[in-house]
Each structure stands twice: as C-alpha cells, then as structure tokens.
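Everything on this sheet refers to the single structure shown next.
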Amino acid sequence: MTRAEFLSEMDAILELPAGTLTGGEKLADLEQWNSMAMLGFIALADTNNGTRIQPRQIVNCVTVGDLLTLARAEGAAS
Amino acid sequence: MHAAISAIEYHFPEKTLSTADLSAEFPEWSAEKIDQKTGIRERHIAAPDECASDLAVAAARKLFASGACAPGEIDYVLLCTQSPDYFLPTTACLIQDRLGIPTTAGALDFNLGCSGYVYGLGLAEGLVSSGQAGRVLLLTAESYSKFLHRRDRSVRTIFGDAAAATLLTAVDTPAPLLGPFVYGTDGSGAENLIVPTGGMRCPRSAESGVASEDENGNVRSRDNLFMNGAEIFTFTLKVVPQVVGTLLEKAGILLEDVDLFVFHQANQYMLEHLRKRLKIPAGKFELAFSDCGNTVSSTIPIALQRAAGEGRLPQGSLVMLVGFGVGYSWGATLLRWRAGTRV
C-alpha cells in the first residue's frame with residue numbers, strides 16, 4: 001500500500017473529503033479519530049498488509065504518518 | 001448413534017430498543033451512522049423481572065409447540081448462559097422443573113458467551129454418541145442488557161437479549177452429522193470483555209457501583225460490562241481465519257465445499273471484514289442481526305433457524321459454524337443439514 005493509498009483510505013475512515021490528510025496531522029486534533037476509526041485502521045492494516053495491529057501499539061502513534069509506519073511494520077502481529 | 005439437530009426455535013423479549021431510540025439518547029450519534037457501523041436497527045431488551053431462564057423457557061415452549069417432541073422425552077438439558085438466575089442452584093435445574101422435563105433427565109449450566117453454541121453442540125454429540133442421552137435440549141439464553149450502563153453506547157448499540165432452543169436427537173448414521181470440532185481458549189484476553197464485579201473475586205459494593213467516563217465518552221462502573229472493542233477485533237482477526245483453516249483441514253474439505261457459513265453474529269463491521277478476508281462469497285455468508293443485535297450464544301441458532309426457514313438449507317447442506325468471543329473462547333464445527341428439521 002503506497003502512502004497516497006493509505007492516506008486516501010484514512011480520509012474515508014475519518015469521513016474527511018478525499019485528499020485532506022497529508023500525514024502530519026496529529027491524531028489528537030482529529031475529531032473523528034475515535035474507537036470506530038481505530039477499528040477501521042486495524043482492518044485497513046490487516047486487509048492491505050496482513051499486519052495485525054495490537055491496539056496498545058496505536059496508543060503510541062501521535063500522527064497519521066505514525067499509523068502508516070505501524071501499518072507497514074513487519075511482524076507487528078504478536 | 002450420533003446427534004442430529006431436529007428442531008430450532010428462538011425467543012426475544014417484547015421490549016425493543018431501536019437505533020432511533022439510541023440516537024435520541026446519544027444525539028452526537030446519528031441513527032444513520034449507528035445503522036451503518038453496526039448493521040443493527042433494533043435490539044430486544046429483557047424486562048426488569050425477566051431473566052435468561054424466562055427467555056429460555058419461552059424458546060423451549062415454542063419448540064415443544066412445534067411438535068418436535070414433548071418435554072417428557074427430553075433426557076438432558078444443557079443451558080449456556082452468563083446471566084444465570086442465581087449463583088446456585090443451577091438455572092438448568094429450574095428450567096427442567098418449569099418445562100416439566102422428567103426428573104430422570106440430566107441438566108447443567110455452562111458458562112460461555114459467543115462460542116457457547118458450538119461447545120453445546122460438541123457436548124450434545126458427546127452425550128449422544130456415548131449413549132448417555134437420546135434427546136438433548138440445548139438452550140442458549142442471555143440478558144446482557146442487565147450488565148450494561150445506559151450511558152455506554154459502545155455496548156448498548158451492539159447487544160440484545162434472546163434465547164434459543166435446539167433439540168438434538170440420536171440418529172443411527174454411520175458418520176456423525178456434527179463435526180469435526182475445533183476449539184480454542186486464551187484466558188489472557190479475559191480483561192477485554194468482562195463484568196469485573198459480582199463474583200467471588202470482587203463482590204459488588206457501593207464503591208464498585210460508582211460510574212466514570214472513559215476517554216471515548218462512555219460511562220460505566222465496575223458492575224457493568226466492559227468491552228475493549230479494538231482488542232476484541234484484533235483477537236477475532238487473528239483467531240477466526242486460523243480456526244476456519246484448521247477445521248477445513250481436519251475435515252479434509254475446501255472452503256468452496258461449504259454451502260453456508262454461519263459465524264457468531266457480532267456486528268456488521270466485524271463480519272464483513274472477516275468475510276472479505278476469508279474470501280467467502282456474500283451469498284454463502286449468513287447475516288441475521290439487524291432486528292436483534294448481538295445476542296451472544298444465541299446468534300448462531302437464530303441465524304441457522306432463519307436460513308432454514310427461508311429455504312437456504314436444502315437437504316444435505318454443509319454448514320460451517322464459528323463462535324468466538326468472551327474468554328477468549330472460540331470453536332468451530334461443520335453440520336450436515338437434514339430435511340425435516342423443524343424451524
């Protein structure tokens with residue numbers, strides 16, 4: 001999954017207009033970053049990279065870009 | 001002899017909680033959004049004086065009224081519940097008496113949630129094939145709504161109350177009609193779906209009943225049910241594809257050989273993701289929660305009953321059942337559907 005594809009998918013998960021996210025946004029500043037959006041991100045990583053995200057790993061993410069790094073991480077599943 | 005499903009019935013409490021009701025209580029969530037995420041438009045809620053046993057008795061009475069068998073013919077009662085009437089006595093014993101099932105029958109409760117139906121079928125097959133029973137009444141019944149804090153939308157949108165009754169009878173067939181079975185348990189996930197108090201480990205107290213708000217704006221006390229949705233989702237993504245693969249391997253069949261998949265009806269979001277991940281065609285994947293929500297151990301029998309009742313289970317259909325959830329606990333099995341099963 002490319003960075004652009006990931007950001008596009010995250011736009012959809014966060015119900016933002018296409019092309020909104022650039023990666024630098026702080027999750028804490030995104031009103032729609034909630035428990036449902038977290039499930040959407042976990043599903044996205046699972047579907048596209050086969051990466052099984054542990055929710056405690058998400059807590060350490062500060063920006064949207066951090067989520068991409070996590071989604072791409074090999075062996076994120078435990 | 002082997003166990004065969006001879007009849008299935010279910011019962012919902014009369015009172016309902018619609019998505020519109022929830023939207024009115026939680027104005028920050030639109031009904032449309034709740035519908036879209038959960039796929040649930042209505043849940044049934046037990047009355048204050050209505051317990052799991054009442055729901056189970058109603059489901060069983062429907063089954064007897066269908067002519068499947070008479071209460072006097074039952075020789076074993078299995079009740080799956082996590083909301084029993086009492087710590088003791090065993091709720092299945094109370095149900096035996098209320099239904100007029102002979103005092104020569106065995107009866108027991110087993111405490112499992114969303115995996116419970118598959119485990120119940122496994123227990124029934126064991127009882128029948130070992131000659132211990134000839135007609136097993138498998139009941140699943142929950143009143144989870146009594147565990148939920150009214151300001152906790154994370155669970156109130158999902159769970160509904162219900163009971164189901166399944167009759168398993170001994171039939172003389174060379175091969176089992178149920179099975180093989182695959183089971184799994186991982187108690188390390190216990191804290192992610194739990195009612196923390198009320199048992200011996202942590203009795204309820206004035207202190208445990210004090211509610212507080214979490215980071216997502218949901219309110220609950222330690223006397224209420226807590227669900228860590230993200231952890232449960234992650235567990236499901238890990239376990240369900242594995243258990244499906246293991247069952248197919250154990251049975252020596254391919255995914256394409258299965259006519260219908262009936263998974264625990266958790267919610268639309270989770271099921272749709274699992275279906276796509278496993279590459280199961282939508283037409284072979286049963287969905288039965290929009291009018292009742294996640295009814296825990298009753299979701300699979302409700303879905304099975306509806307599939308059969310609506311003609312989607314012709315004679316000989318091969319059905320895969322997969323239950324997963326609280327514990328963590330999971331189980332999967334295959335069943336061969338028989339024509340003439342009363343639904």
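The figures that follow rest on heavy atoms only: side chains count, while hydrogens, waters and symmetry mates do not. Residue numbers start from 1 in every chain, and the chains themselves are labelled A, B, ... in the order their sequence lines are given, proteins ahead of strands.
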Would you sort out whether B/T234 and A/Q54 count as a side-chain contact (heavy atoms from CB on, under 4.5 Å), showing the intermediate values? CA-CA 7 Å; B/T234 302; A/Q54 296 297 322; 3.9 Å; yes

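If you take CZ on A/R56 and CG on B/N228, they are separated by 11.0 Å, rounding to the nearest 0.5 Å. For the atom pair CE (A/M36) and CZ (B/F233), the distance works out to 8.5 Å, reported to the nearest 0.5 Å. Annotation: the span from A/M38 atom CE to B/E231 atom CD amounts to 10.0 Å, rounded to 0.5 Å. With values rounded to the nearest 0.5 angstrom, B/R153 atom CZ is found 7.0 Å from A/S35 atom OG.
Heavy-atom contacts from other residues, nucleotides or ligands closer than 6.0 Å to CD of B/E25 number more than 12. Summarising the local packing, CD of A/E15 is surrounded by more than 12 heavy atoms from other residues, nucleotides or ligands at distances under 6.0 Å.
The side chain to side chain contact (heavy atoms under 4.5 Å, CB included) with B/H273 is formed by just one residue from the set A/I42, A/D46, A/L44; it is A/D46.
For B/F235, no part sits under 4.5 Å from any heavy atom of chain A, backbone or side chain.
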